[in-house]
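Letters A, B, ... are given to chains in the order of the sequence lines, protein chains preceding strands, and every chain is numbered from 1.
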Amino acid sequence: MSPCERLSDRMPAVAAGREAWSVDDRRHLEGCADCAAEWQLVRAARALGASRSLGSDTMADTVLARVREAERMGRRRIVQVGGLVGLAAAAALAVSVLVRQPGVPVPAAGTPGPVPLELRLAELDGASDEELGVVLAEFDPPISGEQSVGVGLDALEDSDVQRALSAWEES
Amino acid sequence: MAAMTEPEPPTDQALVQRYRSGDERAAAELVRRHAPSLGRYLHGAGAQPSDLDDLVQESLFRAFRRLDTWRGEASFRSWLCTIGANLLRDEWRRRKGRQVLSLDDADVVDRANPHDEAAANETEARLLAGLAALPRLQREVFLLRAQQGCEYDDIARSLGTTPGAARVHYHHAVRRLKELVP
C-alpha cells in the first residue's frame, strides 16, 4: 500500500478524532498536494452541517408516537381482514356444500357444463384489492383436486367443518 | 481502592434488542445518538435545510417500522443513512427535481467571527455544489466514508455493493471533487 493510500484510509478516523497523524504522516501531507487536497475535502465533509441545529429534543418522542400509532393501525387492520377471511372461509364451505350434492351426474364431454354458482358477499364489496388478495389466499384448493361435483358432505374433514362453524360464530 | 470507570455505552445492537423487547428508552437513545448525524448526512446529500427535520423524522420512523430487517451486518448508522438517502431520492422524484434554493435567515449560520463565518459558508457551499454534481452512488459513498467515518465493508453492506467497489467509488468522488471544489 502506498503512503497516499495508507493516509487516505486513515483520513476519516483522524478527522473524527479517533486517530492522530504521526510525524511522518504530517510530513507527507505537507509535501503531497493530492493528499493535502483530499484531507481538506474530508475535513470539510466532516464539518458539513455541523453548526446547524438538526433534530429537536422532541424528535424521539415524535418518532415513537408515530411508530406506536402505526402499529395500532396495523393491528386493527389485521382484525378486520381476519374477520373477512373467516367469513370467506364460511362462504367457501357453504358453496362446497351447495354444489356437492350426491348423485349429481358429471356432464359428458362436449356438453355445456353447469351454470357457475354465484354467491354475493356484501361484506367483501368494500374490501380493497389487498384485502381481497388476503381473502383469496385463504381459499383451499378443491378437495378432490379435479371435480368437486359428486363429492358429498361426508367427504369434508372435521377440521373444515369446525373452522367454518368457528368463523360463523366470530362474524 | 480500584478506580471507578465509566461503563461502556450500550452498542446500537444492544439498544435495538432492548427496543425489540419493549424498552422504548432504548429507541429514544438511538434517536438521540443518530438523528444529528443523519441530518448532517442528508444536508450533504442535498436536502434543503427547511426539509431536514421532516426528513430525519421520517427516516427514523421508517427505520423503526422495519427494524426486523436490520440484522446488524451493516452498522445502524449506515443503514439509517441509506434509508434517508432513498427517502430523499423519492422526495426529489416527487418534486420532479424542482429545488427551491432558500436564502432566508435560517440558512445563515451564526458565528462569532464574520470573516471566518463567510469563509466557512463559502467552503460549505462549494462542497455542497460539488457533491450535487456527483453521481448518486459516489456522493453517498463519499459522505458515508468522509463525513460519517464508515468503513468500506460497512458501506458495501448498506449499499449492496462490494468493499472494493465502494473504495473505487470513493476515490472517483474524491478525484471529481478536487476538480469541482478548488
Query - Best-contacting candidate, A:S8, A:A70, A:A44, A:A13, against chain B by heavy atom pairs under 4.5 angstrom - result: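 Answer, by heavy-atom pair count under 4.5 Å with chain B: A:A70.
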
How close do [X] and [Y] get, counting heavy atoms only, and between which atoms?
X	Y	value
A:A45	B:A146	CB-CB, 3.9 Å
B:R40	A:L48	CD-O, 3.2 Å
B:Y19	A:V67	OH-CG1, 3.4 Å

**Report entry** Interface residues of residues 21-39 of chain A facing chain B - non-hydrogen atoms under 4.5 Å apart
**Finding:**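 So far as heavy atoms go, A:D34, A:A37, A:E38 are the residues that approach chain B to under 4.5 Å.
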
Considering only heavy atoms, which portion of [X] lies under 4.5 Å from any heavy atom of chain A: side chain, backbone, both, or neither?
X	answer
B:L127	side chain
B:Y170	side chain
B:L143	side chain
B:R126	neither
B:L42	neither
B:Q148	backbone

Query raised in the report: Same cluster or not: are B:V168 and B:L137 linked, directly or through other Ile, Leu, Val, Met, Phe, Trp or Tyr residues, by side-chain heavy atoms under 4.5 angstrom apart?
Result: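 No, no single cluster joins them.
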
Query raised in the report: Side-chain contact, heavy-atom cut-off 4.5 Å: B:Q57 with A:R66?
Result: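 Yes. Closest side-chain heavy atoms under 4.5 Å.
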
Report task. Report yes if some heavy atom in the side chain of B:E24 is under 4.5 Å from a heavy atom in the side chain of A:R68; otherwise report no. Result ->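 With C-beta onward as the side chain, the pair touches.
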
Query raised in the report: Given the rule in the side chain to side chain contact (heavy atoms under 4.5 Å, CB included) test, do A:M11 and B:R145 qualify, once you have shown the distances and angles that lead to the verdict?
Result: CA-CA 9 Å; A:M11 282 181 189; B:R145 179 78 180 135; over 6 Å; no

Query raised in the report: Would you say A:R46's side chain and B:Q147's backbone share a donor-acceptor pair under 3.5 angstrom?
Result: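 Side chain of A:R46 to backbone of B:Q147: a pair is present.
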
Report task. Can you tell which part of A:R43 gets under 4.5 Å to a heavy atom of chain B, answering side chain, backbone, both or neither? Result ->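 Neither; nothing under 4.5 Å.
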
Query raised in the report: With a 4.5 angstrom heavy-atom cut-off, which part of A:Q40 approaches chain B: side chain, backbone, both or neither?
Result: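 Interface part for A:Q40: neither.
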
When rounded to the nearest 0.5 angstrom, what distance separates [atom1] in [X] from [atom2] in [Y]?
X	Y	atom1	atom2	answer
B:Y152	A:D9	OH	CG	5.5 Å
A:T62	B:L60	OG1	CG	10.5 Å
B:F64	A:L64	CZ	CG	6.0 Å

Requested in this report: Look at atom CD of B:E179 and say whether more than 12 heavy atoms of other residues, nucleotides or ligands are closer to it than 6.0 Å.
Outcome: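 Buried by this count: over 12 neighbours within 6.0 Å.
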
Report task. Take atom CZ of B:R25 as the centre, draw a 6.0 Å sphere, and report whether it contains more than 12 heavy atoms from other residues, nucleotides or ligands. Result ->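 Result for CZ/B:R25: open.
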
